[in-house]
Amino acid sequence: MASSQKDFMSRILTVGLLITISLHSTGAQVGVSYGRLGSELPCTEDVIALYKNNSITRMRIYDPHPPTLHALGGTGIELMVGIPEADLPDLADCQCHADDWVKANILSYPDVKFRYIAVGNEVSPSSKYAPFVLPAMKHIYNALSALCIGNKISVSTSIKTDLLGNSTPPKDGVFLSNVTWYIRPIVEFLSDTRTPLLVNVYPYFAYMNDMENISPSFALLQPNSGKELGGVYYDNLFYAILDAVHAAMEKILASSSSMSARLASVSASTTVSETGHSSSHKNKPVEKESVGDGDFSSVENARIYNNNLMRIVKKGTPKRPGIPIETYIFAMFDEDLKPGPDYERHFGIFLANGRPKYPLRFY
Ligand SMILES: *[C@@H]1O[C@H](CO)[C@@H](O)[C@H](O)[C@H]1NC(C)=O
Ligand SMILES: *[C@@H]1O[C@H](CO)[C@@H](O)[C@H](O)[C@H]1NC(C)=O
């Protein structure tokens, strides 16, 4: 295509994009992940009452947990439901298994507002499950399409940002060359189906891994802590990480063999399927002891991060200006049964008794 024609096409796409944006109002964008790996969590009915009472209108769960699905019916809460990676080989193996999965976990709950099916969460490209992610996504997508509900429920997968080989400055964001085989066909499929890639975005971990170069206020999304990165002003580290993913997706689509993928590269979109801030970090790893994280993992900083998040997701990133960012906070409760370092167990925004850990308003 001649380049003037290309400019013309991209202008049409941009205009189309702006129209779409103005149709999406800037209502509440933030849902909360309901992880259940805690030993003393409230019963499911009470958890859902807590969502409603706090005006939390979206929920993410990691598996199609029947009691939760039953309790969600008729509440109007929109749901992102996950498929655990251990179930992917079976779903990839036969369309019939995906058809059965959709019957059992979606069709059986006609009063639940399903919004996303997340096929795998943070599946590592080096894991034995990686080759099954895309085929399972396609089978679930086909099953929904055959039932004419493919346009109501989005089928995607959730990635960790460690698939990026570079993320600074954001415009130079690129996926690691050794994961291209995994991520390219996924990004192309999502472009074909006009579905956002789900991304778990943690300024918290970015800061902990690079305290020398990142200021705490930039990682806590504080107003006026922004800086210029590659000639573009960034308000906060959340926008910067997300735009690095956008840039990496654009590079994949721009070099795609499919013309429609190339044309759609500028509108490659994301949903933030997890973000959050731990309120405690005891038992720091020995090698970090000399640096220390100060009081970065504190109740106060978790309060600051999540309250700032509510505000910044209503605006778009510099690469996606004006497009509100659908986001899910990790997580509803502290999960004392989670393995790993201490900080993993303190991302909750509510205490097990249903009281807020700190003031946080959903709006
Ligand atoms: C709902 O919220 C109000 C005010 O925040 C509180 O007084 C009440 O106990 C809550 N109810 C439930 C079921 O959590
Ligand atoms: C890709 O390479 C990076 C280092 O460049 C390494 O850390 C990572 O484990 C590799 N990933 C895979 C899936 O091979």
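Atoms within each ligand, like the ligands themselves, are counted from 1 in listed order. Both backbone and side-chain heavy atoms feed into the values below; hydrogens, waters and symmetry mates do not. Nothing fancy with the numbering, it's 1 onward along the sequence.
There is no protein heavy atom less than 4.0 angstrom from atom 9 (O) of ligand 2. There is a protein heavy atom less than 4.0 angstrom from atom 3 (C) of ligand 2.
Within 6.0 Å of NZ on Lys152 lie no more than 12 heavy atoms contributed by other residues, nucleotides or ligands.
In this structure Asn213 satisfies the side-chain hydrogen bond (donor to acceptor under 3.5 Å, both in side chains) test together with Asp210, sequence neighbours excluded.
Using a 4.0 Å cut-off between charged side-chain N and carboxylate O, Lys338 and Glu344 make a salt bridge. With salt bridges taken as basic N to acidic carboxylate O contacts below 4.0 Å, one links Glu326 and Arg115.
Here the protein heavy atom with the shortest distance to atom 5 (O) of ligand 2 is Leu176 CD2, 4.2 Å. Shortest contact from atom 12 (C) of ligand 2 to any protein heavy atom: Asn178 ND2, 3.4 Å.
Of all atoms in ligand 2, numbered sequentially from 1 with element shown, those under 4.0 Å from a heavy atom of Ser126 are 13 (C).
Under the 6.0 Å cut-off for aromatic ring centres, Phe296 and His281 do not qualify, their centroids lying 6.0 Å or more apart.
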